[in-house]
Amino acid sequence: MDTNSGFVGFGAGKVILLGEHSVVYGYPALAGPLSRGVTARGEPSNKCQLVIPDALMPEQRKVLKAAFSRAMAACDEPGVKVTFNTDLPLSMGLGSSGALSVACARVLLQAAGRKGSPSEVASVAWEMEQEFHGTPSGVDHTTSTMEQLILYRRKPGAETGRAKVVESPKPVRLVVVMAGARSPTKMTVGALRERQKRWAERYQRIFREIGLLASEGAEAVEEGDLEGLGDVMNVNHGLLAALGLSSPGLDDMVHRLRSMGALGAKLTGAGGDGGAVIGLFHDTEPAVHELTRLGYRCFDSQLAGPRSEGARGAA
Ligand code: MEV
């Protein structure tokens, strides 16, 4: 413990490049970390507690309290008072709850005098994620814990998922744009589950195809084939739209990014009536400049690959 600052834990936000939603049904997804995320701080206290920001709505407070209770039970309730702050756009599909789960897990494990290995962090964060999302695949908190581009898969019924690190010989640079507010992930995932139950064979076909795209995208990354990766992203967006997970605002932004020269563009995360859209670019700067000028909230991020000297880090 640092005597000046107490315990500190960071959880990275994430971007799903390919395979959201189908990952819930056991197919692979390709996801990478953002350098933005949630920082939790802990100071010794006579009881284990989380300070919940006043701005949160009663329902959000209730869920957060329940999630933290599960994490603190998993760490034998160490005496620590935890606060947090974030530089990640919230409720946009960028993994804020996974990042919060990982940040809290890191602080609780430090306070409990435990080593905090990646598997320990992931297991405590998983407790929180289940409270936030109901039936999460685990891709969010795993990406946040590993902080690398991964091909993630959790087979149906498996206790935990498996993640393979995907190395890239070229920088994988994205523009991330906020395209309107969206409903909670739990609702979007739940509504899709109802459609999937009703028309199981049709929906499984699409999930299977998206899973194949995620694996093809990982191969394209490893081969440095950014045009190929961009094409897979475009096809994935089409299939997400077919599953009823896009909206006019998300589709407009996807087309806008393509018209700005994106090699590929798609919604990322749960989607639904809004959320974030990603575009893959050789050079992100002109698009970020233009989108900012037009009044959009956006940033760029390098998810994988070599970083050039003096280049801006991932946002
Ligand atoms: C949410 O970031 C990604 C989803 O696939 C849900 C999940 O994987 O748990 C929509």
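One is the number of the first residue; the rest follow in order along the sequence. Keep in mind that the numbers below use all heavy atoms, side chains included, and drop hydrogens, waters and symmetry copies. This structure is a prediction, so every number in the text was calculated from the model and none was measured. Ligands are counted one by one from 1 in listed order, and the atoms in each one are counted from 1 as well.
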Nearest protein heavy atom with distance in Å, relative to atom 3 (C) of ligand 1: Ile16 CD1, 3.7 Å
Within-shell test, His133 vs ligand 1, heavy atom, strictly < 4.0 Å: no
Atom indices of ligand 1 within 4.0 angstrom of Pro136 heavy atoms, with elements: 9 (O)
Proximity to ligand 1 by part of Thr188, non-hydrogen separation under 4.0 Å: neither
Ligand 1 atoms in contact with Glu20 (distance to a heavy atom under 4.0 Å): 5 (O)
Heavy-atom donor-acceptor pair, Arg106 side chain to Thr145 backbone, under 3.5 Å: yes
Val23 neighbourhood, listing ligand 1 atoms whose heavy-atom distance to it stays under 4.0 Å: 5 (O), 8 (O)
Check: Glu290/Tyr296 side-chain N/O donor and acceptor closer than 3.5 Å: no
Sub-3.5 Å N/O-N/O distance, Asp140 and ligand 1: yes
From CA spacing to verdict: side-chain contact (heavy atoms from CB on, under 4.5 Å), Leu263, Leu229: CA-CA 8 Å; Leu263 303 169; Leu229 175 63; over 6 Å; no
Arg61, CZ: over 12 other non-hydrogen atoms inside 6.0 angstrom: yes
Atoms in ligand 1 flagged as close to Val139, the criterion being non-hydrogen separation under 4.0 Å: 8 (O)
Side-chain ion pair, Lys14 and Asp140, N-O less than 4.0 Å: yes
Closest protein heavy atom (residue, atom, distance) for atom 5 (O) of ligand 1: His21 N, 2.9 Å
Polar contact flag for Ser137 and ligand 1 (N/O pairs, less than 3.5 Å): yes
Atom 6 (C) of ligand 1: nearest protein contact (heavy atom, Å): Val24 CG2, 3.8 Å
Exercise: do Ser183 and Asp273 side chains pair donor with acceptor under 3.5 Å: yes
Full working for side-chain contact (heavy atoms from CB on, under 4.5 Å) between Val124 and Glu127: CA-CA 5 Å; Val124 175; Glu127 292 296 324; 5.6 Å; no
Heavy-atom gap Lys14 to ligand 1 smaller than 4.0 Å: yes
From Lys266 atom NZ to Leu18 atom CG, the distance as rounded to the nearest 0.5 Å: 6.0 Å
